[in-house]
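Take a look at the structure set out below.
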Protein chains: 2
Amino acid sequence: MNTEPYLEDFKRILKKENLRYTSQRVEILKEIASSNHHLECEDIYFSLREKGVDASLATIYRTMDLLVKHQFVRKLNIGEGRARYENKIDGEHHDHLICTECGNIIEFVENDIEVLQEEIGKKYGFKLTKHIHQLYGICEDCQNETD
Amino acid sequence: MNTEPYLEDFKRILKKENLRYTSQRVEILKEIASSNHHLECEDIYFSLREKGVDASLATIYRTMDLLVKHQFVRKLNIGEGRARYENKIDGEHHDHLICTECGNIIEFVENDIEVLQEEIGKKYGFKLTKHIHQLYGICEDCQNETD
DNA sequence: TACGCTATTGTTAATCATTCTCAATAACAG
DNA sequence: CTGTTATTGAGAATGATTAACAATAGCGTA
Ligand SMILES: [Mn+2]
Ligand SMILES: [Mn+2]
Ligand SMILES: [Zn+2]
Ligand SMILES: [Zn+2]
């Protein structure tokens, strides 16, 4: 995936807010933009380290906040202690199906549910900003484990 | 609300698992069973205290785990630091609409969504056990605040 | 290019909800 | 009533995330 355009967007946004386009921020955005996984801050920390890029964990956390705020990533909490983050740059909106045995995460898209959610918001006079929709269960593989 | 039948259920379950029917467990179940709110462990701790019932926070946490396990309560995480718990004893299943300004929580029931969830589970071969479905936004009152 | 202002970083300590440890106590079966 | 063992309370420990702060690096300007 070509991350250049996103870096340009990021640069523009940072400038507009009088924030700086630092090497750490660039490397972190590149890392998450080129991944399709659901990463923890520590994952990013170690991936960068392997590539010889040093950025402290605190900086990763700070940068993720920034990226969430500007819609580059989505923060995900799937009931582990730690938060996960996913690339929100491209691809359509989806929610998650999570196996509580093996931790496998499947992404699903269900437009009918999205529409119903909007209706519920309208019904109660809410201006909706986001939603969390996670289905938990046992995946096919884990059901077939014979131990 | 008459909590007697639930206490009897609880007693039976505890005995079956060689666990003890202690005064703390009874008081905690009574407290949550007679509330319609979404309580934190600390809320329960202080409510009991006001009634002259002493139970440590650690015991509240331990008992909530037990009550979750046996379906008396549902654990809820709405993005605050602390977990909340709600009476699951009676009333139909619902999910939540949460105002990010004032923290107000509205319960909604949408059977069509429940059905679609089941279909998604089936589609991916999952045996579903639970789901989290939370809509976040700004409630009507908070939208009308003119400051 | 050099200078100066100030946002950012890394380090380390602090938070804070929750869990753990363990000795003292209370349930409950006999 | 007694013995066994689950439970409790107190306080320490954990673990993810945040905060404090001095050193540094971006970036606008001359
Ligand atoms: Mn995803
Ligand atoms: Mn509720
Ligand atoms: Zn699985
Ligand atoms: Zn509100």
Side-chain angles (χ1 to χ4, degrees), chain A residues 7-8 10-32 38-46 48-49 52-70 73-85 103, chain B residues 7-8 10-32 38-49 51-70 73-85 103:
Chain A
L7 288 173
E8 289 308 310
F10 195 30
K11 191 172 193 172
R12 189 177 328 115
I13 289 168
L14 290 171
K15 176 169 288 180
K16 198 192 318 174
E17 304 208 355
N18 190 30
L19 302 177
R20 292 176 186 171
Y21 186 69
T22 66
S23 64
Q24 291 89 339
R25 284 174 178 164
V26 168
E27 294 301 330
I28 292 167
L29 175 53
K30 276 162 65 180
E31 188 63 27
I32 193 119
H38 305 95
L39 305 173
E40 304 178 359
C41 283
E42 270 208 353
D43 295 330
I44 297 169
Y45 176 73
F46 287 115
L48 290 180
R49 231 147 181 279
V53 176
D54 276 315
S56 71
L57 246 190
T59 293
I60 314 262
Y61 274 107
R62 288 185 282 231
T63 302
M64 296 319 287
D65 279 351
L66 200 54
L67 293 175
V68 167
K69 182 177 175 195
H70 293 100
V73 308
R74 179 154 72 134
K75 187 174 185 175
L76 216 55
N77 205 304
I78 58 172
E80 309 161 311
R82 285 144 274 122
R84 288 180 177 275
Y85 299 84
Chain B
L7 289 174
E8 287 310 308
F10 195 30
K11 191 171 193 172
R12 189 179 326 115
I13 289 168
L14 290 171
K15 176 169 286 179
K16 197 192 320 172
E17 304 207 355
N18 190 30
L19 301 177
R20 291 174 187 171
Y21 187 68
T22 67
S23 64
Q24 289 90 338
R25 285 175 178 163
V26 168
E27 293 301 329
I28 291 166
L29 175 54
K30 276 161 66 179
E31 188 63 28
I32 194 119
H38 305 95
L39 304 173
E40 304 178 358
C41 283
E42 271 209 352
D43 295 331
I44 297 169
Y45 175 74
F46 286 116
S47 293
L48 289 180
R49 232 149 180 276
K51 294 176 185 163
V53 176
D54 275 314
S56 72
L57 247 190
T59 294
I60 314 261
Y61 274 107
R62 289 185 283 231
T63 303
M64 295 319 287
D65 280 352
L66 200 54
L67 293 175
V68 166
K69 183 177 176 196
H70 293 99
V73 308
R74 179 153 73 133
K75 188 174 184 174
L76 217 53
N77 206 304
I78 58 172
E80 308 161 310
R82 283 143 275 124
R84 287 179 178 275
Y85 298 86

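Labels below follow one simple rule: chain letters A, B, ... track the order of the sequence lines, proteins then strands, and each chain is numbered from 1. No hydrogens, no waters, no symmetry mates; every other heavy atom, side chains included, goes into these values.
Extent of DNA chain C lying under 4.0 Å from chain A heavy atoms, first and last nucleotide in 5' to 3' order, is C:dT6 to C:dT11.
Nearest-nucleotide positions on DNA chain C place B:Lys75 closer to the 5' end than the other of B:Lys15 and B:Lys75.
Across the protein-nucleic acid pair, A:Arg82 atom CZ and D:dG15 atom C1' stand 9 Å apart, rounded to whole Å. Straight-line distance from the CG atom of A:Leu66 to the C1' atom of D:dT17: 17 Å, rounded to whole Å. Regarding A:Arg84, its CZ atom lies at a distance of 14 Å from the C1' atom of D:dA16, rounded to whole Å. As rounded to whole Å, 17 Å separates atom C1' of D:dT17 from atom CD of B:Glu80. Between the C1' atom of D:dA16 and the CG atom of B:Asn77 lies a distance of 14 Å, rounded to the nearest Å. Between the CD atom of A:Glu42 and the C1' atom of D:dA16 there is a distance of 9 Å, given to the nearest Å. Rounding to whole angstrom units, OH of residue B:Tyr61 and C1' of D:dT14 are separated by 14 Å. Straight-line distance from the CD1 atom of A:Ile44 to the C1' atom of D:dT17: 14 Å, rounded to whole Å.
Residues B:Leu48 and B:Ala55 approach most closely at CD1-CB, 4.4 Å, considering heavy atoms.
The side-chain tip of A:Lys11 points at the ring of A:Tyr21 from less than 6.0 angstrom away and within 45° of straight on.
A side-chain contact (heavy atoms from CB on, under 4.5 Å) with B:Ile32 is found for one member of B:Val73, B:Asp43, B:Thr63 and no other, namely B:Val73.
With respect to B:Lys51 and B:Glu31, a salt bridge is recorded, a charged nitrogen being found less than 4.0 Å from a carboxylate O.
Contact annotation for B:Lys11: no contact, since no heavy-atom pair falls under 4.0 Å across all strands.
With rounding to the nearest 0.5 Å, the separation of CG in B:Leu14 from CZ in B:Arg25 is 6.0 Å. Of the inter-residue distances, the one linking A:His38 atom NE2 with A:Glu80 atom CD reads 11.0 Å to the nearest 0.5 angstrom. The CG atom of B:Leu39 sits 11.0 Å away from the OH atom of B:Tyr85 when rounded to the nearest 0.5 Å. For the atom pair NZ of B:Lys16 and NE2 of B:His70, the computed distance is 7.5 Å after rounding to the nearest 0.5 Å. Here OG1 of B:Thr59 is found 11.5 Å from CG of B:Leu66. Values are rounded to the nearest 0.5 Å. Expressed to the nearest 0.5 Å, how far CG of A:Asp54 lies from CD of A:Glu27 amounts to 11.0 Å.
Using a 4.0 Å cutoff on non-hydrogen atoms, the parts of residues 16-25 of chain B near DNA chain D are B:Asn18, B:Leu19, B:Arg20, B:Thr22, B:Gln24, B:Arg25, ordered by number. Contacts with DNA chain C (heavy atom under 4.0 Å) in residues 52-59 of chain B: B:Ala58, listed by number.
At a threshold of 4.5 Å between non-hydrogen side-chain atoms, the residues B:Arg84 and B:Asn77 do not count as touching.
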